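Beneath this line is the structure, given in structure tokens, with notes to follow.
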Protein chains: 2
Amino acid sequence: MGNKGEALRQRVIAAAGELFYQQGYENTSFRDIASAVGISRGNFYYHFKSKDDILHAVIDTRIAGIKATLAEWDKKFTDPGQRLHHYVDILLHNQDNITSYGCPVGSLCTELAKYDHSILTDANKMFVVFRDWLVAQLKLIGVNNNTHRIAMHLISRVQGIAMVTNAFDDKLFLQQEVKQLKQWLDDEILKPSH
Amino acid sequence: MGNKGEALRQRVIAAAGELFYQQGYENTSFRDIASAVGISRGNFYYHFKSKDDILHAVIDTRIAGIKATLAEWDKKFTDPGQRLHHYVDILLHNQDNITSYGCPVGSLCTELAKYDHSILTDANKMFVVFRDWLVAQLKLIGVNNNTHRIAMHLISRVQGIAMVTNAFDDKLFLQQEVKQLKQWLDDEILKPSH
DNA sequence: GTCTATATCGAGATAGAC
DNA sequence: GTCTATCTCGATATAGAC
């Protein structure tokens, strides 16, 4: 198997993914990616058939990365409640990037929704992986009703925080909201007295 | 005063604003706007000096529109609690557009954050108008602490709902979340028993 | 004021040498 | 596999006729 070519392909995907996140997909050119990776523009077309093709590869790689991360969490934390807290804590761990560029999943979906519905469907799968995992954790806790809705609600809360943090360039807001959301998680989901 | 030119200018701003919302700013060309308004491409530069200039005009017009809307609400609803509910209800009233294109303010800020910080600052003023109005309503209710944070929290919740509704193309989610958010508004802000 | 014609640039994509 | 050179297209923007 072409190890050298395969390695380059991975480097392109990594660089493109980062640039798509920081600058947006449409706003990132082959030039940008080429100079980041250190190759020529023409060389792309040996590994990818179009720019869309690179985006698809980026999305696939991200999905694999998300699945790997969640599997790691499953090992690291035995308590599903702890895992849910860890999900919210992503905001805190990535607060600098979120302040500058927003959420990598959310901002990409927002961009794609403006002009390409077929790729949006693919990008949305990143959310679906998170959602299904959240549903699984809720069921493990013993929540039996509305697990899907609660998972979607959590994603929505996290996305709102990321979006507003980015738009207002306000890291403090993120920190306060994370605290509040984790409190809500404890009060309404993990220790329901009603 | 050049009435004919001024009227055309307003038509351009209206058409551009709609297209920027539906297709994104970068993804909308002069061609698109020209054919929507029914003028030639060259004619733009008599009324605007650049594409950025059109965007600034769109933002200014939107800000004026938001202020007018809020002033209308102030007249229509005497109860500040009712006004806060009405703010959340924007989601419901615009559910079709939000499902297709997201929030006009939020998605624009998300796009601009990727490549132009100076215009983002301007676009963000749309949020600030809402935020300041929300703070005013909270104070009228008698809330004295954390009015700024609560206002930001409300914006964040609304943005999260709009973003996820758009990304999942899920109008039902929007409807459920609006219900839940209005319930939260009643329980935690309007009738605090604690 | 509005138009047509054009300049200039950078994008994605291709051809073919090495 | 990777490169250089080039094609084609559509974008913003400008010049100048009407």
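In what follows, every chain begins at residue 1, and chains take the letters A, B, ... in the order their sequences are listed. It should be emphasised that the depicted structure is a prediction, and the values quoted were computed from it without experimental measurement. Note: hydrogens, waters and symmetry copies are ignored here, and every other heavy atom, side chains too, is used.
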Handout entry: Centroid separation B/Y87 to B/F77 less than 6.0 Å
Key = no

Exercise for the section: Could you state the atom-to-atom distance from CG of B/N43 to C1' of D/dT12 in whole Å? Expected result: 15 Å

Handout entry: Common cluster, A/I119/A/V128, ILVMFWY with side-chain heavy-atom separation under 4.5 Å
Key = yes

Exercise for the section: Write down the distance between OH (A/Y45) and C1' (C/dA11), rounded to a whole number of angstrom. Expected result: 9 Å

Exercise for the section: Check whether any side-chain N or O of A/S29 sits under 4.0 Å from OP1 or OP2 of C/dA11, and answer yes or no. Expected result: yes

Practice task
Check whether any side-chain N or O of A/Y46 sits under 4.0 Å from OP1 or OP2 of D/dT2, and answer yes or no.
Solution key: no

Handout entry: d(OH, B/Y25; P, D/dA11) in whole Å
Key = 14 Å

Handout entry: Candidate pair B/F173 and B/F168, rule ring pair (Phe, Tyr, Trp, His ring centres under 6.0 Å), full reasoning
Key = CA-CA 9 Å; B/F173 171 77; B/F168 281 80; 7.5 Å; no

Practice task
Describe the nucleic acid contact of A/S40 in one word from base, sugar-phosphate, nothing, applying a heavy-atom distance below 4.0 Å.
Solution key: base

Exercise for the section: Check every strand shown and say whether B/R31 touches a base, only sugar-phosphate, or nothing at a heavy-atom separation below 4.0 Å. Expected result: sugar-phosphate

Completion exercise
Atom CZ of B/R41 and atom C1' of C/dT4 are separated, to the nearest Å, by 10 Å

Practice task
Specify the separation, in whole Å, of atom NZ of A/K51 and atom P of C/dT14.
Solution key: 15 Å

Handout entry: A/L8 CG to D/dC3 C1', straight-line distance once rounded to whole Å
Key = 13 Å

Exercise for the section: Quickly work out the B/K49 NZ to D/dT12 P distance and round it to whole Å. Expected result: 15 Å

Practice task
Report the distance from atom NE2 of B/H47 to atom P of C/dG1, rounded to the nearest whole Å.
Solution key: 8 Å

Handout entry: Check against side chain to side chain contact (heavy atoms under 4.5 Å, CB included), A/T165 and A/L91
Key = CA-CA 10 Å; A/T165 297; A/L91 286 167; over 6 Å; no

